[in-house]
Amino acid sequence: MPNLLENINSPSDLRRIKIEELPTLAKELREFIINIVATKEGHLGASLGVVELTIALHYVFNTPDDLIIWDVGHQAYGHKILTGRKNRFHTNRQLGGISGFPNRTESEYDTFGVGHASTSISAALGMAIASQIKEEDKNHIAVIGDASIAGGMAFEGLNHAGVTDANLLVILNDNAIGIDPSVGALKQYLTNVKVGIQEQDNIFEALNFNYSGPIDGHDLKSLIKECQRLKSVKGPKLLHVITTKGKGLKQAEEDQVKYHAPGRFDAATGELEVGSNTLQPPKFQDVFGLTIVELAHENKNIVGITPAMPTGSSLTYMMQEFPDRAFDVGIAEQHAVTLAAGMATQGLVPFCNIYSTFLQRAYDQVIHDVALQNLPVIFCLDRSGLVGEDGATHHGVFDISFLRCIPNLIICAPSNAVELRNILYTSQLGLKQPIAIRYPRGRGQIFDWKKPFTRIKIGKAGANFINGNELAVLSIGTIINAVEKAFSLLSEEYIEKASYFDMRFVKPLDELLLHEIFQEYHIIVTIEDGCVKGGFGSAILEFAASHNYKNEIVNLGMPDQFIEHGSTEELFESVGLAPNDLVKALSGLLS
Ligand SMILES: Cc1ncc(C[n+]2csc(CCOP(=O)(O)OP(=O)(O)O)c2C)c(N)n1
């Protein structure tokens, strides 16, 4: 059996292969991806679905001169492997290894950095207009999924492109699923097109795109033929390609949600590796999901909103129990926020669950639609802090900074599952203003979290460990676990001099407590899993300055740089926030 992939180190090698041999290459590429993702983990289904499309694009177009722009980028594994990163692909998403997403610093074939959805059409149009201005003859190809094309920004890009004569090819990779099944009227329209019920005018033609398809995205011959034809079609064009997410691995085709990013599995059988069956504390996501179901039974005004992350956020529990009161609005963070605002004007109590990193999309909506009108929307910011292997595009480290300057908005970072549960409970007891509740990905440390609800006083700090009065550590959120660990490792003479406080709220600060602390302790150390610039520590500096306190203040948190991918433990170490680093820092200050 020939090993075609072995000899491909760049697309020019690929272009030397005979067309008849490409299906064999597709098979090899699929196996290559499966074998590595099975043990190294990562995004599987999306990349398996575009194996043929990836081959066809690099085969027909003259990359890297012609520019392929992947939307989201989690489907670009085949692209990475064919463009010189085959031998490094086993380092995918690991510390020091290649990124799980296209990244301009990594390869000239990665034309645009991605991770967040719906950017490809705008970026590709920008490049196409640049080519016009520079009088360069290039192709610009945006590959976008059916979930991402429903994102607002993609519409904005289509709307602009349709009145240009830019050389833009949008490839709509339609597999009818994002991470969870796609939603919305556009999805229904695309389904109609697929099954041949096309009563309305073609929506893309209406936007001045030259539309072709739908074609079978696993049929290399027709893909290549159509891409070749489109090369000579001028202006904006859209090719509608139908693919199957997870194609080529039975389980991944059948359970597309689970196999989006399945963790480890058996490459031969596709069976997922069973985790250890020792009892583990719950994920924060489940604490959120199960708690709002409990609350929604009592409070009929509660509604839940997620922009395209029902499984990831665990809003699925509420969607099952209260299908009329829980909404997956698709990749539409801006809409999700303003939808929540609208609901709040009418007395509903919206829990708007958005990953911290994706809330960045909806900044103006938070300010203009929610905070300015002081509407009591409850933002649940999942995946705050470091998220690990997804890397720089996905870390939720900016939220405290970018939210802290917004008037009316309460910011709370519960330090454990019980606190999360209680602040969720407190938030729906008639709060008169918006609140952002941030919590990380993954599991906490408390098993017994389903305790009777307790109301939390807004702006009141949480637990503390009071010992000596030389140094006080002020922390926010779950990073208190690292502080606790550090204290357990600190030598006796230093422990006697130090205390720590879970401040719980970034805004409003517990000023009463802060006055006591600043009067009692010489050194104040703040620690947070968000960026230091403008973050919780900055709030403490502002407090100290405005009250003329002269204590020594040290701010620990994320440095002023983008943090790459790796396990969260490795990343915490890399920024000096692992327990051992804290021990060193505290010992240094106390010696
Ligand atoms: C702004 C934003 N919101 C949410 C996500 C999370 N997310 C990653 S992939 C994905 C689904 C993308 O689906 P689709 O566009 O159909 O592409 P496919 O997976 O089929 O390639 C979502 C919601 C994101 N990356 N960016």
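Every heavy atom of this structure was used, including side-chain atoms; hydrogens, water molecules and symmetry mates were not. In this chain, residues are counted from 1 in sequence order. Numbering of ligands and ligand atoms starts at 1, following listing order. Predicted model only: the values in this text are computed from it and were never measured.
- For ligand 1 and Met309, the ligand atoms under 4.0 Å from any heavy atom of the residue are 6 (C), 23 (C).
- Residues Asn353 and Met309 have side chains not in contact (no heavy-atom distance under 4.5 Å, counting atoms from C-beta outward).
- Residue contact check: Ala147 has heavy atoms under 4.0 Å from atoms 13 (O), 14 (P), 15 (O), 16 (O) of ligand 1.
- Residue contacts with ligand 1 include Ile177, since one of its heavy atoms falls under 4.0 Å from the ligand.
- Proximity to Gly178 (heavy-atom distance under 4.0 Å) selects the following atoms of ligand 1: 11 (C), 12 (C), 13 (O), 16 (O).
- Residue contacts with ligand 1, taken as heavy atom pairs separated by less than 4.0 Å, involve Asn175 solely via side-chain atoms from C-beta onward.
- The structure places CG of Leu403 at 6.5 Å from CG of Leu381, a figure rounded to the nearest 0.5 Å.
- Residue contacts with ligand 1: Gly312 is excluded, as none of its non-hydrogen atoms falls under 4.0 Å.
- For ligand 1, the atoms lying closer than 4.0 Å to a non-hydrogen atom of Ala117 are 1 (C), 2 (C), 24 (C), 25 (N), 26 (N).
- The neighbour count for Arg104 CZ, taken as heavy atoms of other residues, nucleotides or ligands under 6.0 Å away, does not exceed 12.
- Near Ser148, meaning under 4.0 Å from any of its heavy atoms, are these atoms of ligand 1: 12 (C), 14 (P), 15 (O).
- Between Thr243 and Gly217 the shortest heavy-atom distance is CG2-CA, 3.9 Å.
- Taking every heavy atom of Ala308 and a limit of under 4.0 angstrom, the matching atoms of ligand 1 come to 23 (C).
- Of the options Leu359, Ile179, Asp180, Asn173, the smallest heavy-atom separation from atom 10 (C) of ligand 1 is shown by Ile179.
- In this comparison of Lys187, Glu333, Gln334, the heavy atom closest to atom 2 (C) of ligand 1 sits on Glu333.
- From the protein, the heavy atom lying nearest to atom 25 (N) of ligand 1 is Gly115 O, 2.9 Å.
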Let me have the donor-acceptor pairs involving side chains of residues 175-182, under 3.5 Å, with sequence neighbours excluded, atom names and distances please.
unit_1	atom_1	unit_2	atom_2	d
Asn175	OD1	Ile177	N	3.1
Asp180	OD1	Thr311	OG1	2.3
Asp180	OD2	Thr311	N	3.3
Asp180	OD2	Thr311	OG1	3.4
Ser182	OG	Asp146	OD2	2.6

